[in-house]
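The block underneath contains the structure these notes are about, expressed in structure tokens.
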Number of protein chains: 2
Amino acid sequence: MELSERKKKILKSVIDSYIRTGEPVGSKLLTGTADLQVSSATIRNEMSELERMGFLEQPHASAGRVPTAEGYRTYVNGLMEQYLLSLEELKVLNEVFNYKVSEIERLMESASHAISEMTNYTSFSVIRPSGRNAQRFETLYIDEHSFLLIMICTDGSIRNRHVKVRMSVDPEMLKTVADALNATMSGVCSEDVTLQSVLEFEELLGTHSGIAATVLRVIYDMLNSTDSEKVHIDGVTKLLSYPEFSDVEKAKDAIALFEDRRDFAQKIMSRSNDEKGLTVHFGEADLPDAGIVLQPIIINGKTVGAIGVMGPKRMNYKKVIASLQYFVDNVGKQFEGEIKNEQEHGKKPE
Amino acid sequence: MELSERKKKILKSVIDSYIRTGEPVGSKLLTGTADLQVSSATIRNEMSELERMGFLEQPHASAGRVPTAEGYRTYVNGLMEQYLLSLEELKVLNEVFNYKVSEIERLMESASHAISEMTNYTSFSVIRPSGRNAQRFETLYIDEHSFLLIMICTDGSIRNRHVKVRMSVDPEMLKTVADALNATMSGVCSEDVTLQSVLEFEELLGTHSGIAATVLRVIYDMLNSTDSEKVHIDGVTKLLSYPEFSDVEKAKDAIALFEDRRDFAQKIMSRSNDEKGLTVHFGEADLPDAGIVLQPIIINGKTVGAIGVMGPKRMNYKKVIASLQYFVDNVGKQFEGEIKNEQEHGKKPE
DNA sequence: TTTAGCACTTGCTCTCTACGAGTGCTAATA
DNA sequence: TATTAGCACTCGTAGAGAGCAAGTGCTAAA
């Protein structure tokens, strides 16, 4: 069922207008618009057909039309024109990159903040947790009663804890601890820790075995510390400015999505994992009036996280998509083959 | 202006009832209550006087009475009876402690979650950032192209970054780097880094000076990384269930408080720093309908953070205060002189 | 195929009324 | 003198009805 040019024009106009005003769009309103040189009656007929085809719907009999999810989808997939970020907007987005932050986490947080401000919707970023198998352990002497226990994981990520103990420690003893750990615990994940490995570890410590329990406890904690998804959310209250959420119940539903961050992250990641590019979701997740634009962040072929925007279903997709795309393009440039641009990074701190 | 026993009783009954129902309390409603063996007319007279004294007010002429901030204050400061946590509730709170987490941060997060669930209000925890003067630096070899750069701060806190470089590194070279850093950068905070120290540092690196820029950049980042307050917030949506926030604008104001976490943390800490114990705030911070109960967490004499509850001004202070107090008492037991209970900690991971 | 015209539907806003809750005051009572 | 019953009064709320505006679908003419 291909749409005629005129139907496309009308659908686009309806959605553009609805996005702008939030009011159902009537036939009369469109007569003035754009290059539609037909009367309201004609438009009415077309709209009625668009309704029959599932692109539009009426909130009630005597109201104008409102896009359906299907309508939005076709709009996003081709009807809408491209949004050109203004110089102002580019400046804001570039600032995120200029203030060179080394970690992608921070970078995404700033971007998310900037995008939320720019678009006036809620924006979020999620960083996927990395695996948690210990590969190697190191210890570092801090002072007589404390040391740093460092765990290097198989995926290259690093975790550490500052361990405080009553007995006194010294660098040499700590070396023994690290060696013993590496001999017995390397490669384990939380479930792999067996009684045997524990006993072996204690044995290897020899005279220092008094510290074993504390160390084991810390390691257990580190392995288990569900190095959870890192979630940042920006501009939640912005949602509440839109009439879609002016009912507290609706507002509650929307905000509840962000309430449990871990849960939210998992939802987001499960939608991002298989995707290579930007996706748009209309009225999902018990939020019939919300839309979500989701952009996975892929670095060196791995999906490391996602950044996205949530707004009313009638949000300004053009602008949101343009912003997210601009961000992800540049994040790619900055992080792909991270090691290469050491020189560039190497500016003096001012 | 001392309150007569009967006035106290009436004030208490009014507030109890208002907290329970959220409805303005009329004189008739109280006749049945408690040990008030007087007619509604008498109560009416008393209430009218309580209003004149500033403890009660009327939303409008023909409505019942509602407590003022002053009314709540006297209520909290003595009128209300103590709340006894139920076995159920104690169990929930104890679970927080039983699942021994080493870091206070996590502990407070769990507690905040538990308290939010128990009370059905929003609960939050804030951990104060620690100072950020570098005291000592360490490096740790990870692999040929990366190492861990560790910064030990004057207050004993530790920060580190995983640094990736293009050139190849080895443990010995990293030792040189650490030594050079310690010689030139020890004791600095972000503003202290001078051109001179940078030059000195580069000189000390000798043949390895190629790495200087990267290292400096990371250190600059670490020093500046506003190791911000760690904020956890739980149950924001719960607020929206109360009629006080059924208006979206009010809801927005309430939620906005939590929007900028750093800002929120600072507000909270500025209210907690000088306090030794629990404080209650009624209708502050542009939130005329909200109440906040704040409990600073003090360990070894230092205010390390705070935990609190925000609810409608007519929240169940008894219960909230009891829960917070129970938590803080036990946190004290667990963390005061942390090092002492090494044995106790030393249970085997199961 | 398009358009003008018109009857019809529906939600919204305004006004009016009735009602109920609660008060303050007055006069009677213990 | 403190308390109470009684009553007029105030005010907010809920509901009914009227009028209005927006927008539709249908019909008949261009």
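Keep in mind it's a predicted model, so treat the numbers as computed, not measured. Here is how names work: the chains are called A, B, and so on, in the same order as the sequence lines, proteins then strands, and each is numbered from 1. Values below: every heavy atom of this structure, side chains too, minus hydrogens, waters and symmetry copies.
With hydrogens and angles ignored, a donor-acceptor pair closer than 3.5 Å exists between the side chain of Arg44(A) and the base of dG5(C). On a pure distance criterion of 3.5 Å, a polar donor-acceptor pair joins the side chain of Ser62(A) and the base of dT10(C).
With respect to Lys318(A) and Glu81(A), a salt bridge is recorded, a charged nitrogen being found less than 4.0 Å from a carboxylate O. Checked for salt-bridge contact, Lys267(B) and Asp263(B) meet the test: a charged N lies under 4.0 Å from a carboxylate O.
The CZ atom of Arg6(A) sits 8 Å away from the C1' atom of dT2(C) (whole-angstrom rounding). Taking atom NE2 on His60(A) and atom P on dT24(D), their separation rounds to 10 Å, with Å as the unit. Remark: C1' of dA22(D) and OH of Tyr18(A) are 16 Å apart, rounded to the nearest angstrom. For the pair Leu50(B) CG and dG24(C) C1', the computed distance is 16 Å after rounding to whole Å. Distance Lys28(A) NZ to dA21(D) C1': 10 Å, rounded to the nearest Å. Taking atom CE of residue Met47(A) and atom P of nucleotide dC26(D), one finds them 15 Å apart after rounding to whole Å. If you take CG of Leu30(B) and C1' of dT23(C), they are 14 Å apart, rounded to a whole angstrom. Here the P atom of nucleotide dT24(D) and the CD1 atom of Ile43(A) are 10 Å apart, to the nearest Å.
Here Arg65(B) does not reach the OP1 or OP2 of dG22(C): none of its side-chain N or O atoms lies under 4.0 Å away.
Distances from the side chain of Thr42(A) to the nucleotides dT2(C), dA5(D), dG24(C) place dT2(C) closest. The Ser39(B) side chain lies nearest to dA5(D) when the options are dC11(D), dT3(C), dA5(D).
Of the listed residues (Thr74(B), Leu11(B), Ile15(B)), just one forms a side chain to side chain contact (heavy atoms under 4.5 Å, CB included) with Pro67(B), and that residue is Ile15(B). For the side chain to side chain contact (heavy atoms under 4.5 Å, CB included) with Ile10(A), the qualifying choice from Glu49(A), Arg65(A), Glu46(A), Glu5(A) is Glu46(A), the only one to do so.
Ser27(A) comes within 4.0 angstrom of sugar-phosphate atoms only, judged by non-hydrogen atoms across all strands, and of no base.
Using a 3.5 Å distance cut-off with no hydrogens or angles, the side chains of Tyr75(B) and Asp16(B) do pair a donor with an acceptor.
Nearer the 5' end of DNA chain D, as judged by each residue's closest nucleotide, is the contact made by Pro24(A), out of Ala41(A) and Pro24(A).
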